[in-house]
Amino acid sequence: MVRFLQGLGKKNRDHSMADIDRSAVPQHVAVIMDGNGRWAKKRGLPRIAGHHAGMKAVKRITIAADAIGVKALTLYAFSTENWSRPAEEVDFLMRLPQEFLKLELQELVEKNVQVRMTGWREGLPEHTLAAFDEAEEKTKDNTGLILNFALNYGSRLEIVEAVRSVARDVESGILSPDDISESLFSSRLLTADLPDPDLLIRTSGELRLSNFMLWQIAYTEFWFSSLFWPEFSELDFYDAIREYQRRTRRYGGLK
Ligand code: V07
């Protein structure tokens with residue numbers, strides 16, 4: 001029954017890209033790609049099969065975001081908390097950047113996409129970093145969509161590190177406490193070179209932030225989907241975009 005309804009829904013949304021207002025596309029969309037393990041369990045598959053299917057959704061949503069002119073897409077791929085998962089699962093996850101880039105890097109280069117990472121390099125395996133470094137190098141001059149992977153990222157630690165960096169400058173006399181402003185603090189975060197997200201999407205029905213961009217989401221619109229990440233389609237993405245546009249439309253008149 002659920003399948004049947006989803007199928008119908010898709011049919012009805014066939015032209016959902018057509019009514020997106022291209023002059024009001026969110027600049028930065030951030031996504032918590034949740035539900036890969038549960039998607040696999042539902043099908044009697046191992047969790048890693050869910051992570052693999054999740055990679056296909058990464059490709060789909062990257063193309064969908066690029067197609068409507070989103071400037072930056074941040075995907076939460078691995079949190080600082082995810083290290084507590086079984087070693088076998090962590091090892092598999094750490095090979096996904098390589099696998100994804102082996103399949104997709106050429107097309108990303110051709111599509112003028114710039115690949116970036118938000119997170120700590122320390123702790124990531126050498127092979128993961130090497131794959132990412134190659135992608136970053138090959139796309140560094142691209143001027144299209146910024147495809148930003150949050151990898152080994154956690155927001156509280158990011159904030160603590162920013163506080164440390166400001167405190168060091170105060171201690172050494174470079175800064176006075178009166179110089180500390182919102183924009184100065186933002187400039188010490190890992191996301192200093194990105195605008196704050198305009199829209200945050202979380203899949204799989206969980207209604208939490210899970211230590212993701214706590215400072216940056218102060219004014220962000222939230223969109224929660226009950227779909228598991230591997231089944232999240234470009235049509236679902238465009239639903240989120242249209243709802244974002246509906247919510248923000250009145251600002252022009254009322255702000
Ligand atoms: C990962 C697939 C998507 C669902 C969420 C968890 C599993 C793509 C990447 C990736 C990362 C960096 C990069 C290129 C690709 C990735 C991890 C997990 C750790 F430069 N998907 N994906 N990285 N999953």
Side-chain angles (χ1 to χ4, degrees), residues 1-43 45 49-77 96 99-100 103-104 107-108 110-113 115 144-150 197-210 212-213 217 220-250:
M1 187 55 172
V2 170
R3 274 276 131 222
F4 172 66
L5 288 173
Q6 280 174 356
L8 249 187
K10 274 183 186 165
K11 218 171 217 158
N12 289 337
R13 290 180 297 162
D14 246 8
H15 300 289
S16 66
M17 197 181 149
D19 55 344
I20 284 176
D21 176 357
R22 293 291 300 260
S23 73
V25 170
Q27 275 200 64
H28 184 183
V29 180
V31 186
I32 302 177
M33 307 184 286
D34 198 13
N36 302 286
R38 272 172 289 159
W39 177 89
K41 190 172 180 192
K42 193 171 82 177
R43 283 167 175 67
L45 298 168
H51 296 317
H52 201 268
M55 230 172 42
K56 303 261 182 279
V58 167
K59 161 96 190 263
R60 226 167 30 235
I61 301 310
T62 299
I63 289 176
D66 182 51
I68 58 166
V70 169
K71 292 211 170 61
L73 177 68
T74 294
L75 302 175
Y76 203 4
L96 288 184
E99 190 168 344
F100 179 85
L103 295 170
E104 311 298 347
E107 190 178 338
L108 295 175
E110 284 159 15
K111 281 192 162 344
N112 197 24
V113 171
V115 179
L145 173 74
I146 295 168
L147 175 58
N148 182 41
F149 289 97
D198 303 294
L199 173 64
L200 172 75
I201 296 172
R202 181 171 188 154
T203 55
S204 96
E206 303 298 336
L207 309 178
R208 292 187 295 279
L209 284 175
S210 301
F212 187 58
M213 295 209 176
I217 49 87
T220 302
E221 295 288 340
F222 292 175
W223 170 261
F224 296 105
S225 166
S226 58
L227 295 171
F228 296 139
W229 175 248
E231 58 199 13
F232 194 72
S233 75
E234 45 276 77
L235 299 177
D236 302 307
F237 182 77
Y238 293 140
D239 277 348
I241 301 291
R242 274 186 283 107
E243 169 64 11
Y244 167 86
Q245 295 188 331
R246 196 191 61 73
R247 289 187 207 164
T248 54
R249 204 150 33 226
R250 47 198 164 118

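Hydrogens, waters and symmetry mates play no part in the numbers below; they use all other heavy atoms, side chains included. In this text, all values refer to a predicted model and were calculated from it rather than measured experimentally.
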Tell me if a side-chain donor or acceptor on [X] pairs with a main-chain N or O of [Y] at a distance below 3.5 Å.
X    : Y    : answer
T203 : M33  : no
Y238 : A64  : yes
Q245 : D21  : yes
R202 : R208 : yes

So do the side chains of [X] and [Y] get within less than 4.5 Å of each other, counting heavy atoms only?
X    : Y    : answer
F222 : I217 : yes
L200 : F212 : yes
W39  : L45  : yes
L108 : T62  : yes
E243 : E221 : no
R247 : W223 : yes
L75  : L147 : yes
E234 : I63  : no

Considering all heavy atoms, the nearest [X]-[Y] contact:
X    : Y    : answer
G54  : P230 : N-CG, 4.1 Å
L96  : M55  : CD2-SD, 3.6 Å
A240 : I201 : CB-CD1, 3.8 Å
A65  : L73  : CB-CD2, 4.2 Å
I241 : P26  : CD1-CG, 3.7 Å

Nearest 0.5 Å please: distance from the [atom1] atom of [X] over to the [atom2] atom of [Y].
X    : Y    : atom1 : atom2 : answer
L103 : K56  : CG    : NZ    : 6.5 Å
M213 : T220 : CE    : OG1   : 9.0 Å
R246 : R242 : CZ    : CZ    : 11.5 Å
S225 : I32  : OG    : CD1   : 12.5 Å
I61  : F232 : CD1   : CZ    : 5.5 Å
W229 : R60  : CH2   : CZ    : 7.5 Å

Under the side-chain contact (heavy atoms from CB on, under 4.5 Å) rule, what do Y244 and V29 come out as? Steps first, then yes or no, please. CA-CA 11 Å; Y244 167 86; V29 180; over 6 Å; no

Parallel, tilted or perpendicular, as decided by the 30° and 60° cut-offs, for the rings of F100 and F149: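 Judged by the thresholds at 30° and 60°, the geometry between F149 and F100 is perpendicular.
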
